[in-house]
**Student:** 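Following this message is one structure expressed as structure tokens.
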Amino acid sequence: MKGDYLGAFEELVLMAVESLGDAAYSANLQRTLEREARRPVSLGAVHSSLERLEAKGLAASTVGEPTGGRGGRRRRVFSLTREGRTALRDVRAVRQRLAKRPPRSSYVS
């Protein structure tokens, strides 16, 4: 089923959540993804991915304290679950195995 797999953008979001730690809130994730991926990233895409990752059990969120810069609104901060860390480890292992394979001289179907 498609919903069980980790999409490429979801992978990037998980990696950004992991790297930002306690600062992994949506606006900061968006800025980080735009800077590191060197492409525009909409806040809506970040929110949608975070919702999917939570539904899959790969990320969790907590509501932080009110902040003055946000008119007293609270930030929703994200973190990886154990399953999220496992998913990232697994996809990184696949990427490493594929990167180590020697290139083929021709494509075979």
Side-chain angles (χ1 to χ4, degrees):
M1 182 171 159
K2 181 181 178 189
D4 294 336
Y5 296 101
L6 185 61
F9 188 71
E10 291 173 337
E11 180 186 349
L12 291 176
V13 171
L14 274 182
M15 292 172 69
V17 168
E18 180 182 52
S19 72
L20 289 171
D22 291 342
Y25 54 90
S26 57
N28 204 19
L29 288 164
Q30 177 197 22
R31 285 189 297 271
T32 299
L33 289 165
E34 282 187 335
R35 183 181 64 246
E36 298 302 328
R38 297 182 182 146
R39 68 178 196 189
V41 173
S42 76
L43 192 55
V46 173
H47 280 281
S48 295
S49 291
L50 290 167
E51 287 176 11
R52 285 192 307 273
L53 291 167
E54 279 194 296
K56 291 177 183 182
L58 302 177
S61 64
T62 57
V63 179
E65 293 301 315
T67 60
R70 295 172 36 89
R73 292 182 305 168
R74 298 171 182 260
R75 279 193 181 132
R76 200 164 142 202
V77 180
F78 292 85
S79 60
L80 298 184
T81 62
R82 179 178 35 205
E83 293 82 3
R85 286 189 296 276
T86 299
L88 271 182
R89 185 190 67 228
D90 291 349
V91 76
R92 286 173 174 153
V94 170
R95 288 181 183 277
Q96 285 179 344
R97 286 193 307 268
L98 288 171
K100 289 179 182 179
R101 290 179 60 120
R104 296 181 82 167
S105 59
S106 63
Y107 292 102
V108 177
S109 312

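Everything quoted here is computed from the prediction, not taken from an experiment.
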**Student:** Is there side-chain contact between Phe78 and Val13, with heavy atoms separated by less than 4.5 Å?
**Tutor:** no

**Student:** How close do Thr81 and Gly57 get, counting heavy atoms only, and between which atoms?
**Tutor:**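 Residues Thr81 and Gly57, closest heavy atoms: OG1-O, 2.5 Å.
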
**Student:** For Ser19 and Ala16, indicate whether the former's side chain and the latter's backbone hold a donor-acceptor pair under 3.5 Å.
**Tutor:**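 Checked: pair present.
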
**Student:** With a 4.0 Å cut-off on N to O distance, would you call Glu11 and Arg92 a salt bridge?
**Tutor:** no

**Student:** Determine, stepwise, if the pair Arg31 / Asn28 fulfils side-chain contact (heavy atoms from CB on, under 4.5 Å).
**Tutor:** CA-CA 5 Å; Arg31 285 189 297 271; Asn28 204 19; 3.5 Å; yes

**Student:** Counting C-beta onward and ignoring hydrogens, is there a side-chain heavy-atom pair between Leu88 and Met15 closer than 4.5 Å?
**Tutor:** yes

**Student:** Taking the side chain as every heavy atom from C-beta outward, state whether Thr32 and Arg35 have any atom pair closer than 4.5 Å.
**Tutor:** yes

**Student:** What's the verdict on side-chain contact (heavy atoms from CB on, under 4.5 Å) for Leu12 and Val41, showing C-alpha distance, side-chain angles and the deciding distance?
**Tutor:** CA-CA 11 Å; Leu12 291 176; Val41 173; over 6 Å; no

**Student:** At what distance, to the nearest 0.5 angstrom, does CG of Leu14 lie from CZ of Phe9?
**Tutor:** 11.0 Å

**Student:** Check Val91, Leu58, Leu53 against Glu10 for a side-chain contact (heavy atoms from CB on, under 4.5 Å) and give me the one that passes.
**Tutor:** Leu53

**Student:** Quick one: pull up OG in Ser49 and CG in Leu33 and give me the separation to the nearest 0.5 Å.
**Tutor:** 8.5 Å

**Student:** If the threshold is 4.0 Å, N to carboxylate O, is there a salt bridge linking Arg76 and Glu54?
**Tutor:**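 Glu54 and Arg76: salt-bridged.
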
**Student:** Roughly how far apart are Leu43 CG and Ser26 OG, rounded to 0.5 Å?
**Tutor:** 5.0 Å

**Student:** Nearest 0.5 Å please: distance from the CG atom of Leu98 over to the CZ atom of Arg95.
**Tutor:**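 Leu98 atom CG to Arg95 atom CZ measures 8.5 Å (nearest 0.5 Å).
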
**Student:** Could you walk me through whether Gln30 and Glu34 pass the side-chain contact (heavy atoms from CB on, under 4.5 Å) check?
**Tutor:** CA-CA 6 Å; Gln30 177 197 22; Glu34 282 187 335; 4.0 Å; yes

**Student:** Ser61 and Val77: side-chain contact (heavy atoms from CB on, under 4.5 Å), yes or no, with the steps?
**Tutor:** CA-CA 5 Å; Ser61 64; Val77 180; over 6 Å; no

**Student:** Is the backbone of Tyr5 close enough, under 3.5 Å, to the side chain of Lys56 for a donor and an acceptor to pair up by distance?
**Tutor:** yes

